[in-house]
Amino acid sequence: MSELPKTYEPQAIEEKWYAQWLNDGCFEGRAERVSAKRPAYSIVIPPPNVTGVLTLGHVLNNTIQDILARRARMLGKEVLWLPGTDHAGIATQTVVERTLKKQGVIRHRDDLGREAFLERVWEWKEKHGGIIIQQLKKLGASCDWNRERFTMDSEYSACVQRVFIDLFQKGSIYRGKRMVNWCPVSHTALSDEEVVMKSQQGSLTHFRVEIAERPGTFLTIATTRPETIPGDSAVAVHPEDPRYSAFIGLHVIRPLPAEMPREQRLIPIVGDTHVEFGFGTGVLKVTPAHDRADFEIGQRHGLPALDVMNPDGTMNSLAGAELAGKDRFEARALAIQKLQELGLFEKDEPHQSNVGFSERADVPIEPRLSQQWFLRYPSVPSSREVVRSGQMRFFPERWAKVYDHWMEGIQDWCISRQLWWGHRIPVWYFRGKDPENARQSLGFETEEGALRVLEDGTVAYCGDRAPGDNQLWEQDSDVLDTWFSSWLWPFATMGWPQSTETLKAFYPTTDLVTGPDIIFFWVARMIMAGFEYMGELPFRNVYFTGIIRDKQGRKMSKSLGNSPDPLDLISKFGADALRFGVMRSAPLGQDVLFDEKNVELGRNFCTKLWNACRFRQMQGGAVEAEIRSEFLSSEDKWILLRLDRTIQEVSAALEEYRFSDAAQTLYRFFWNEYCDWYVEASKAVLTSGEEARRENTLAVIDFVLAHTLRLFHPFMPFITEELWHGLGFHQELPSDQGGRSIQFAHWPKPLGEDFLAHYGLLPEDEVRANAKFDVVLAGRGLRRDFNLASNKKVAFVLQAQGALSEEECEVIRLLLNAESLELVSSGWAAPRGTPTALTPFGPLFLPLEGLVDMAAERERLGKEIAKIQQELIKVRAKLSNDTFVQGAPAAVVQEHRQRETDWLAKLTELQRIREALG
RNA sequence: GGGCAGUUAGCUCAGCGGUAGAGCGGCUCGUUUACACCGAGUUGGUCGGGGGUUCGAUUCCCUCACUGCCCACCA
């Protein structure tokens, strides 16, 4: 390869390699290659919204998956990372509908009708659906794109239908009129998980109602929702409340709608233990159609449910002439006004309460009684047990508790949505009452359980084909909750219900990477679907990422404008920089405070890596020559030992999904240990003119670089690939082991005992190299203390004759940027006032020929001596404490003794030096 | 109301029973055989408060305070 440019220019390189990887089929997961020797590794992408765009959350999530996938390839596994997108019912339908309205095409989707509207959504999907996929490619995601799936592909839809039919026939799915969370904006029911509670400042309206049987006697009710008074069908008090229990069985006159005849407004006073004595006035108005708890009270007392609202959140005619047609919040004010006019209003008290909001539309949901489909979750016990027992592992572990708690109190799932974009519910209703007639008019034999009489007497057929006589049968107009398709993702994407090669090879998947915000929406449900349809867990490990926040800790949001576009960051800094920057700051189990500085750091690191390789390239010589032990210096041995430790630490961190630790360790090793110490030290040999030693050093450099590039590859795929080829490390390797792409090069193993023995790498080598580095640090310290610019050539004297070889001295001299380093015997007497520092080999002098301020030097030494005395006092205090000596482990005591000896030696030495100064 | 995290240098975080650490920032010096997207040096902390266990606690236990999440039908 031609000489590398001075700085790393990511754009062209990223494009080049991504195209090459795709062209070479590097990302393909092939079932037929899986064997005992070549185990499978699989992961399914959490499918992003098909019309979505890439966010930093996606960057974090998908970088982690890519790291896992690439490392698995390097470990010799057959990897399948299966990508795709989600149709995201409400979100997509809302976006398309809003756009069409903005374009003036429609005022409401009804203007187009179901068929035509859906056509528009598909058009939209074709046009915008690929965006996020393209963005993921820019990030470097190594997904098997040939297998891209969409939750509304025809085969996928068939899976969804099949599962619905199966659960229907098993009786797990039922239809009923229940209290659901209704979104007045989207006009659909929502599941409990799609509702977020928000604390709201509201008010508690106090008003009076007269007891019909006791004219002139009033009860005061406190409510947050006066607009629903027309829907009240009772007043409830606690049966043991001495203030009110005597009134149970009597009636009150409901104030609204005022124009309704009095006798039609009589509602009973019931006793119910749900009522709290202490809250409000202790008298509760019961509105069964508009409140969950009230609905239950209504059930217990056989009260009618009066629905006084329209689906869009406006009041209907039952609310009375004046409220009818008004929005619920407008109606609230109006109701209060009416109460005032009737002389029944008492007061408004400020009140803080939790209100459920539609997650998507961000408006308060309306508890609403409506006909919906529900699912009694299947395979709950095994799904719960698999996590409890640790057979499936959660990272961080604490989410297992959250999961367990939810599974414990699991509620039936409302799965029908009053939308058009989604999987249509495969149920047809018979326009008649008699099941036998229905059976005959179907026109075909049904399976057991497919034909059923529903709660309200409707005869329903559920199956994969429409009944023959469509005059008599009408299909349910609702679609299924998006998550009712997502929960099948791990196996529906692999060809289920056929027993495909893919399923056999790659199911269950290995890891799932997702955000904790969808633990109930998605993770829990996938586990249940997995057990129900595949008979086992769908994935072995679940990694929950943190949530990306801005550097002030706020959530990313469009309105705050604090959500940077990852694509901008990629074009500014490069994909590898973004990946590395994010991973380095994303510790397991913690939210990530995003700061562009981190990406900058990633970019800087890429440049560093680039230049370190450039430096190697500039040295020329054969690539990856054999290392010869007889030429190894202690620095060589030191860096090899450091590399060995780094391999171990990085591997261990990745095994435990501690990505930021792995990134941190690599960063430190490469920048500090390799570049700052080793490369700088190696320059002594590289310029020495001794060919054999020089070549050997290059061999060590190559060895370290070839390992480091591989360790970095999962984090930074593009630059490592470029450098891998640029330095020629691919040359000798078979094409499936790094010859073609670094992503198939073997993941570095610890060097191993044989290697260490062969090259004579011992802990002492590390100690010796560190001792030399200590001399350098001491010398640099002296420089600083006497304000000598680092470019000023000075002569050092080390009182350690014979302790260091000439080559070793040369290394130290170079690192100190010194004119010379002279070794002298212990008899050598430093000129008075010579600055001195202690090193493991002996005192280091910096003779300055009278340039030095003696007083300053004495002061400096004085400070150092004082520091050592402090330490000595601490250690001695411990050692003179009998309880410590007797109570602490012998090793600890011994360690303290050693410390005392060391400090004492240093102290004596420094004192001697100070005396020498006079 | 219940549960789960967190509180360590100006900022972001590591350490989790035996001399307080890293990165970033700040400051000083610097065109030394890659790299100023750099190098060298340096400044920053009674480890949230209070108890307890221990020879010894940032580290273990209790308690309080604050912050953030999750769960919960108090109208």
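Side chains included, hydrogens not; waters and symmetry mates left out as well; all remaining heavy atoms used. If you're wondering where the values come from, they're calculated on a predicted model, not measured in any experiment. Below, read A as the first sequence line, B as the second, and so on, with proteins coming before strands; counting in each chain starts at 1.
- Using a 4.0 Å heavy-atom cutoff across all strands shown, A:W903 reaches at least one base atom of the nucleic acid.
- Here A:C675 lies in heavy-atom contact (under 4.0 Å) with a base.
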Going through the distances and angles, do A:D595 and A:R549 end up as a salt bridge (Lys or Arg N to Asp or Glu O under 4.0 Å)? CA-CA 9 Å; A:D595 186 343; A:R549 300 169 176 281; over 6 Å; no
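- Rounded to the nearest Å, the gap between the C1' atom of B:rC24 and that of B:rA14 is 14 Å.
- Taking the C1' atom of each, B:rC4 and B:rC38 are spaced 45 Å apart, rounded to whole Å.
- Checked against B:rC55, B:rG23, B:rA36, the side chain of A:Y667 finds its nearest nucleotide in B:rG23.
- Relative orientation of the A:Y667 and A:F580 rings is parallel, given thresholds of 30° and 60° on the angle between their planes.
- A:W677 has its CH2 atom 19 Å from the P atom of B:rC38, to the nearest Å.
- Comparing atom distances between the A:H351 side chain and each of B:rA75, B:rC71, B:rG18 picks out B:rA75 as nearest.
- For the residue pair A:Q352 / A:S199, a side-chain donor-acceptor distance below 3.5 Å is found, with atom types taken as modelled.
- Nucleotides B:rA5 and B:rC74 place their C1' atoms 27 Å apart, quoted to the nearest Å.
- Of the nucleotides present, B:rC71 is the one that pairs with B:rG1 by Watson-Crick or G-U wobble criteria, both distances under 3.5 Å.
- Base pairing analysis places B:rG30 opposite B:rC38; the two distances defining the Watson-Crick or G-U wobble pair are each below 3.5 Å.
- Across all non-hydrogen atoms, the minimal contact from A:I229 to A:R254 is O-CD, 3.0 Å.
- Using the Watson-Crick or G-U wobble rule with both distances under 3.5 Å, B:rU12 pairs with B:rA22.
- Among the protein residues, A:N881 comes within range of the sugar-phosphate backbone only, with heavy atoms under 4.0 Å from sugar or phosphate atoms but none that close to a base.
- Here A:K597 does not reach the OP1 or OP2 of B:rC11: none of its side-chain N or O atoms lies under 4.0 Å away.
- B:rA9 and B:rG23 have their C1' atoms separated by 12 Å, given to the nearest Å.
- The nearest whole Å value for the distance from the CG atom in A:N181 to the P atom in B:rC73 is 10 Å.
- If A:R899 and A:T607 are placed on RNA chain B by their nearest nucleotide, the residue sitting closer to the 5' end is A:R899.
- Regarding contacts with the backbone of B:rG39, a side-chain N or O of A:W671 is found under 4.0 angstrom from either OP1 or OP2.
- For B:rG26, the glycosidic angle deviates from 0 by more than 90°, giving an anti base.
- If you check every strand for non-hydrogen atoms under 4.0 Å, A:K793 touches nothing.
- Counting to the nearest Å, the P atom of B:rG18 and the CG atom of A:L879 are 17 Å from each other.
- Between the side chain of A:R398 and the base of B:rC4, no donor-acceptor pair under 3.5 Å is found.
- Summarising the geometry, the separation between CG on A:L816 and P on B:rG41 is reported as 10 Å, rounded to the nearest angstrom.
- Formation of a donor-acceptor pair under 3.5 Å by the A:R579 side chain with backbone atoms of A:F715 is found in this model.
- For B:rA34, the base has a donor-acceptor partner in the side chain of A:K683 [N/O atoms by modelled type, under 3.5 angstrom].
- When each of A:F395, A:F394, A:F659, A:W399 is checked for a ring pair (Phe, Tyr, Trp, His ring centres under 6.0 Å) with A:Y543, only A:F659 meets the rule.
- At the heavy-atom level, A:L601 lies under 4.0 Å from the strands shown only through sugar-phosphate atoms.
- Within the 4.0 Å cut-off from OP1 or OP2 of B:rC37, not a single side-chain nitrogen or oxygen of A:R603 is found.
- As judged by a 4.0 angstrom heavy-atom cut-off over every strand, A:V275 is placed among the base-contacting residues.
- A perpendicular orientation is assigned to the rings of A:F670 and A:F605, their planes being inclined by more than 60° (bins at 30° and 60°).
- Rounded to the nearest Å, the gap between the C1' atom of B:rG49 and that of B:rC55 is 26 Å.
- In this structure, A:E296 places its CD atom 13 Å from C1' of B:rA72, rounding to the nearest Å.
- Using a 4.0 Å heavy-atom distance criterion, A:H896 is classed as a sugar-phosphate-only contact.
- When each of B:rU19, B:rG41, B:rA34 is scored by its nearest atom to the side-chain atoms of A:R780, the top-ranked nucleotide is B:rG41.
- When both distances must be under 3.5 Å, the Watson-Crick or G-U wobble mate of B:rU53 does not exist.
- A close approach under 4.0 Å does occur between a side-chain nitrogen or oxygen of A:N604 and OP1 or OP2 of B:rC38.
- When the C1' atom is used for both B:rC13 and B:rG25, the distance is 14 Å, rounded to whole Å.
- Counting any heavy atom pair closer than 4.0 Å across all strands shown, A:R668 reaches sugar-phosphate atoms only and no base atom.
- When heavy atoms are screened at a 4.0 angstrom cut-off, A:R616 is found touching no nucleic acid atom at all.
- A straight line from CG of A:N354 to P of B:rC69 spans 13 Å, rounded to a whole angstrom.
- The distance from atom CZ of A:R614 to atom P of B:rC37 is 14 Å, rounded to the nearest whole Å.
- Among the protein residues, A:L593 comes within range of the sugar-phosphate backbone only, with heavy atoms under 4.0 Å from sugar or phosphate atoms but none that close to a base.
- Because its NZ or CZ atom is not both nearer than 6.0 Å to the ring centre of A:Y678 and within 45° of the ring axis, A:K683 does not count as a cation-pi partner of that residue.
- The separation of B:rG51 from B:rG17, taken at their P atoms, amounts to 23 Å, rounded to a whole angstrom.
- Within the nucleic acid shown, A:I297 has no heavy atom closer than 4.0 Å to any nucleic acid atom.
- Between A:Y8 and A:N817, the residue anchored closer to the 5' end of RNA chain B is A:N817, taking for each the nucleotide with the nearest heavy atom.
- Side-chain to base pairing of A:E680 with B:rA34: one donor and one acceptor N or O lie within less than 3.5 Å of each other.
- Closest to the A:P889 side chain, of the nucleotides B:rC55, B:rC73, B:rG41, is B:rC55.
- The side chain of A:A789 has B:rC29 as its nearest neighbour among B:rC29, B:rG18, B:rU12.
- When each of B:rC73, B:rA75, B:rG41 is scored by its nearest atom to the side-chain atoms of A:H274, the top-ranked nucleotide is B:rC73.
- Judged by distance alone, with hydrogens and angles left aside, A:K608 brings a side-chain donor or acceptor within reach of the base of B:rC35, the pair sitting under 3.5 Å.
- With hydrogens and angles left out, the side-chain atoms of A:T205 and A:D348 include a donor and acceptor closer than 3.5 Å.
- When Watson-Crick and G-U wobble pairs are counted only if both distances are under 3.5 Å, B:rC47 pairs with no nucleotide at all.
- Separation of the P atoms belonging to B:rU7 and B:rC60 is 11 Å when rounded to the nearest angstrom.
- Between A:N791 atom CG and B:rA36 atom C1' there is a gap of 15 Å when expressed in whole angstrom units.
- When atom types are taken as modelled, the side chain of A:D702 and the backbone of A:V623 share no donor-acceptor pair closer than 3.5 angstrom.
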